[in-house]
Amino acid sequence: MRSLMTVTCLVLALGTGARAAEISISCSALGQEYEICKQGVDAWAAKTGNTVRIVSTPNSATERLALYQQLLAAGASDVDVFQIDVVWPGILGEHFIDLKDKAKDQIGQHFPTIIQNNTVDGKLVALPWFADAGLLYVRQDLLDKYGRPMPQTWEDLTETARIIQEGERKAGQKDFWGYVWQGRAYEGLTANALEWVASYGGGTIVDDKGEITINNPKATRALDTASGWVGKITPEGTLNYTEEEARGVFQAGNAAFMRNWPYAWALAQGGDSPIKGKVGIAQLPKGGPDGRNAATLGGQQLAVSKYSKHPEIAADLVLYLTGPEEQKRRAIAGSFNPTIPALFEDADIRKAAPFIGELLTVFTNAVARPAAVTGDNYNKVSSEFFNTTHQVLSGRSAPEPALAGLERDLKRIKRRGWKQ
Ligand code: GLC
């Protein structure tokens with residue numbers, strides 16, 4: 001049936017003089033991401049008569065980057081459209097075509113800060129697809145059961161998680177935990193740890209002038225707090241969790257709190273979810289009463305490889321997938337946060353994912369990782385940061401000497417300037 005449809009579309013397209021092609025796109029596959037990507041891609045293929053192959057990628061952002069670097073360094077034309085992380089334009093930008101002219105009618109619809117983020121040396125290397133920000137997922141039914149308010153600070157969260165964990169275990173749920181998050185040594189840990197550090201006022205590792213700021217008492221306090229969770233309210237296994245492992249525990253009903261990105265909402269509230277109707281979303285807590293709520297800004301973009309044999313057709317797919325109609329569909333089906341501010345007012349989206357409207361300030365005030373300022377060195381900076389944090393969390397190093405060592409390592413990377 002599908003191939004018949006493809007053939008029909010092909011004939012129609014060829015009839016109008018256009019040449020149909022087969023192109024490929026890399027989509028990530030967290031939760032239902034692959035399916036939702038496929039639906040969008042299929043709709044475009046049916047409309048244009050082209051065929052699209054989806055290349056799925058590893059769940060860990062760090063592994064995905066390594067795969068892309070390999071493909072792109074080899075100048076491979078296997079993948080035409082790349083789904084890239086908000087922190088990668090500086091690292092990968094040289095391998096993508098400039099979309100400025102092709103997208104001139106669409107650029108103005110998106111958040112200007114993301115367009116700016118995706119512009120490298122005057123070249124628009126990718127179009128925004130969805131925006132992420134770290135969120136606190138909460139078992140509202142358990143807060144009610146134990147008469148606990150929504151935690152405002154990490155200290156509140158630690159205490160409430162402990163109380164609920166103790167209570168649920170006494171009630172027979174032996175595998176119940178207080179708080180799960182992303183603790184594997186990969187980009188996701190950088191996102192989590194930056195939230196802790198920034199929430200205590202400890203800065204953003206490297207500031208926007210390029211100064212290394214991470215070795216400070218507030219950052220020490222943040223890492224100290226987080227390492228105190230491990231083995232107490234957070235399972236040791238979290239030190240190997242990416243987004244999906246944390247969601248697995250929370251969605252099975254085995255944790256009171258979870259840190260994750262917006263995509264987890266649609267799944268937690270999905271038809272077969274054991275915790276459907278019991279989940280709330282809040283801002284991540286402040287680092288003590290004088291701290292701030294800090295959510296790391298994440299998100300994904302679509303870029304066209306300059307090694308593509310069909311750049312025009314690939315760019316057309318990118319314009320379709322990042323356009324308002326498709327972003328609306330994805331927000332409703334998968335709670336992917338739009339990058340088009342006008343969609344935040346959309347009644348259908350607000351109904352499907354109420355937090356998208358309610359937490360607009362979380363997205364607009366989210367903390368950026370120091371990717372723009374460190375350019376193609378960002379991955380090294382982030383790796384040093386997540387490895388150091390991982391050592392502290394696993395008890396192999398105390399926060400203070402660990403951050404002093406990190407500062408030395410970052411200085412070494414910076415020696416010849418962040419961008420060469
Ligand atoms: C999500 C975010 C991305 C982040 C990654 C970390 O995919 O969109 O920005 O780097 O998670 O795991």
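Please read these numbers as outputs of a predicted model, since none were measured by experiment. Just so you know, ligand 1 is whichever comes first in the structure, and atom 1 is the first atom listed for that ligand. Sequential numbering from 1 along the given sequence is applied to the chain's residues.
Although no hydrogens or angles enter the test, the distance criterion places no donor-acceptor pair under 3.5 Å between the side chain of Trp44 and the main chain of Leu321.
Between the side chains of Thr242 and Glu245, at least one donor-acceptor pair of N or O atoms lies under 3.5 Å. Side-chain contact, Thr158 with Trp229: a donor N or O sits under 3.5 Å from an acceptor N or O. A side-chain N or O of Glu168 and one of Tyr146 form a donor-acceptor pair less than 3.5 Å apart. In the model, Gln301 has a side-chain atom that pairs as donor or acceptor with a side-chain atom of Asn118 under 3.5 Å. Side chains of Ser199 and Trp154: a donor-acceptor N/O pair is present below 3.5 angstrom, by distance only. A side-chain N or O of Thr153 and one of Asp156 form a donor-acceptor pair less than 3.5 Å apart.
The protein heavy atom nearest to atom 7 (O) of ligand 1 is Gln300 NE2, 3.1 Å. Atom 11 (O) of ligand 1 has its closest protein heavy atom at Trp261 NE1, 3.0 Å. The closest protein non-hydrogen atom to atom 12 (O) of ligand 1 is Glu243 OE2, 2.6 Å. At the top of the distance list for atom 2 (C) of ligand 1, counting protein heavy atoms only, stands Asp132 OD2, 3.2 Å.
Close contacts of ligand 1 with Glu187, meaning ligand atoms under 4.0 Å from a residue heavy atom, involve 10 (O). Under a 4.0 Å criterion applied to the non-hydrogen atoms of Gly299, ligand 1 contributes the atoms 2 (C), 3 (C), 8 (O), 9 (O). Listed by atom number, the atoms of ligand 1 under 4.0 Å from Gly188 heavy atoms are 6 (C), 12 (O).
Taking distance alone, with nitrogen or oxygen atoms compared against 3.5 Å, Arg369 approaches ligand 1 more closely than that limit. The shortest N or O to N or O distance between Val87 and ligand 1 is not below 3.5 Å.
Dense packing is recorded around CD of Glu22, with more than 12 heavy atoms of other residues, nucleotides or ligands lying under 6.0 Å away.
With Asn260, Asp85, Asn59 as candidates, the residue nearest to atom 5 (C) of ligand 1 on a non-hydrogen basis is Asp85.
Of the heavy atoms in Gln182, none comes closer than 4.0 Å to ligand 1.
Within the structure, the closest approach of Ala191 to ligand 1 does not fall below 4.0 Å when heavy atoms are considered. The shortest separation from a heavy atom of Tyr186 to ligand 1 is under 4.0 Å, placing the residue in contact.
Ring planes of Phe82 and Tyr68: perpendicular class, angle over 60° (limits at 30 and 60°).
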